[in-house]
Asker: 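Let me begin by handing over the structure; questions about it come next.
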Protein chains: 2
Amino acid sequence: MTNLLKDRKISETPFRKEVLAIFTKYNNAIPLSVIEKELKEYNRITLYRTIKIFLEKGIIHEITINGAVSNYAICKEECDTVAHHHQHIHFKCNRCGIIFCVEVDKFPTIILPKYKIEQLEIQAIGLCENCNV
Amino acid sequence: MTNLLKDRKISETPFRKEVLAIFTKYNNAIPLSVIEKELKEYNRITLYRTIKIFLEKGIIHEITINGAVSNYAICKEECDTVAHHHQHIHFKCNRCGIIFCVEVDKFPTIILPKYKIEQLEIQAIGLCENCNV
DNA sequence: ATATTTATTGCAACATTGTTGCGTTTATAA
DNA sequence: TTATAAACGCAACAATGTTGCAATAAATAT
């Protein structure tokens with residue numbers, strides 16, 4: 001793992017390193033409540049600010065499905081300060097509730113005459129690998 | 001316009017009729033703040049409860065893009081108490097900020113081996129008809 | 001049409017989620 | 001090692017959403 005914090009030119013603090021470690025530990029998107037439980041020393045405000053700067057710097061991305069609580073996941077693609085460039089879909093399992101970022105062979109293209117599409121976000125809801133038995 | 005309230009077997013009250021009229025007046029999705037301004041007599045709690053029951057009964061659907069404030073729009077397709085069945089995409093304009101439900105010729109299909117997809121929600125962000133000049 | 005039942009409304013109070021100013025502490029760069 | 005800039009954490013606030021309950025209005029049965 002390269003140093004995401006130094007790469008994005010933000011200070012490397014123990015708190016940020018710990019949050020980052022929690023993200024890398026999980027293979028799926030997680031809500032703030034999970035981070036809270038994993039943190040040794042939890043501070044609500046610092047966590048909000050950490051999430052905010054991670055989003056701005058393209059370290060993580062936010063996933064909100066059906067207005068439920070937001071989940072966050074590490075950006076595996078080359079995201080930066082300017083924009084996110086994801087080519088995966090967000091999958092929410094109806095049974096276990098976990099949200100996954102899933103790579104897809106051919107990411108669909110949508111053409112809307114007269115509109116200009118700059119970004120596409122695809123959310124699928126159903127049963128994940130583990131629950132689809 | 002058929003009587004959505006009686007169809008879904010919920011009481012027809014002045015408040016609900018007014019909220020419904022506001023939804024039909026707009027051709028795009030709207031946030032609570034817009035409904036608030038349009039209502040003659042606004043009550044926060046009643047509005048929350050109205051939105052909640054409209055969602056449950058498949059009268060409206062919720063759209064949340066990038067974790068921003070939720071918008072709501074009338075369900076034009078045959079949605080019911082059990083599930084929503086939309087075949088349109090949700091488009092958010094980066095310039096005017098309006099969220100539209102846009103019909104699309106061929107709604108994409110996504111195949112994820114091992115996963116079972118029950119619902120697909122597609123969100124596009126860019127420039128709408130009016131702003132794409 | 002009216003009485004009875006059932007659902008909705010709106011208030012107060014509370015719960016959750018997110019933000020801001022500011023003094024203190026820590027990380028980075030000179 | 002010191003100076004500078006950034007992050008932290010507290011208090012206080014702001015916004016958003018929920019619940020119990022009594023009053024009221026709508027739907028149903030008479």
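Chain identifiers are assigned alphabetically (A, B, ...) following the order of the sequence lines, protein sequences preceding nucleic acid strands; residue numbering begins at 1 within each chain. No hydrogens, no waters, no symmetry mates; every other heavy atom, side chains included, goes into these values.
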Asker: Starting at CZ of A/F15 and ending at C1' of D/dA6, how long is that distance when rounded to a whole Å?
Answerer: 15 Å
Asker: Reading nucleotides 24-30 of chain C 5' to 3', which nucleotides get B (base under 4.0 Å from a protein heavy atom), which S (sugar-phosphate only), which -?
Answerer: ---SS--
Asker: Please state how far atom NZ in B/K17 lies from atom C1' in D/dA25, giving the value in whole angstrom units.
Answerer: 13 Å
Asker: Does A/T46 have a side-chain nitrogen or oxygen under 4.0 Å from the phosphate oxygens OP1 or OP2 of D/dG9?
Answerer: yes
Asker: Do you know the tightest heavy-atom contact between A/S70 and A/E62?
Answerer: OG-OE2, 2.8 Å
Asker: Are A/I59 and A/I53 connected in a single hydrophobic cluster, I mean Ile/Leu/Val/Met/Phe/Trp/Tyr linked by side-chain heavy atoms less than 4.5 Å apart?
Answerer: yes
Asker: Taking all atoms of both residues into account, what is the closest heavy-atom pair of B/H61 and B/C75, and its distance?
Answerer: ND1-SG, 3.5 Å
Asker: When the distance from CZ of A/R8 to P of D/dA7 is rounded to whole Å, what number comes out?
Answerer: 15 Å
Asker: Side-chain heavy atoms under 4.5 angstrom apart, residues restricted to Ile, Leu, Val, Met, Phe, Trp, Tyr: same cluster for A/I30 and A/F54?
Answerer: yes
Asker: Would you mind reading off the distance between B/Y42 atom OH and C/dG10 atom P, rounded to a whole angstrom?
Answerer: 12 Å
Asker: Please determine whether a side-chain nitrogen of the Lys or Arg among A/E38 and A/K25 lies less than 4.0 Å from a carboxylate oxygen of the Asp or Glu.
Answerer: yes
Asker: Is it the case that one hydrophobic cluster holds both B/I22 and B/Y72, taking links as side-chain heavy atoms less than 4.5 Å apart, direct or via other members?
Answerer: yes
Asker: How many Å lie between NZ on B/K9 and P on C/dT8, as a whole number?
Answerer: 14 Å
Asker: Expressed in angstrom and rounded to an integer, what is the separation of A/L55 atom CG from C/dT19 atom P?
Answerer: 11 Å
Asker: What is the distance, to the nearest angstrom, from the CD1 atom on B/I51 to the C1' atom on C/dT9?
Answerer: 16 Å
Asker: Evaluate the side-chain proximity of B/L39 to B/E18: yes if any heavy-atom separation is below 4.5 Å, no if none is.
Answerer: yes
Asker: If I take atom CD in residue A/E18 and atom P in nucleotide D/dA7, what distance separates them, rounded to the nearest angstrom?
Answerer: 18 Å
Asker: So if I define the base as every atom that isn't primed, P, OP1 or OP2, how would nucleotides 13-20 of chain D read as a B/S/- string at a heavy-atom cutoff under 4.0 Å?
Answerer: ---SBBBB
Asker: For the residue pair A/L127 and A/V133, establish whether any side-chain heavy-atom pair is separated by less than 4.5 Å.
Answerer: no
Asker: According to the interplanar angle, ranging from 0 to 90°, do the rings of A/Y115 and B/F91 count as parallel (below 30°), tilted (30 to 60°) or perpendicular (above 60°)?
Answerer: perpendicular
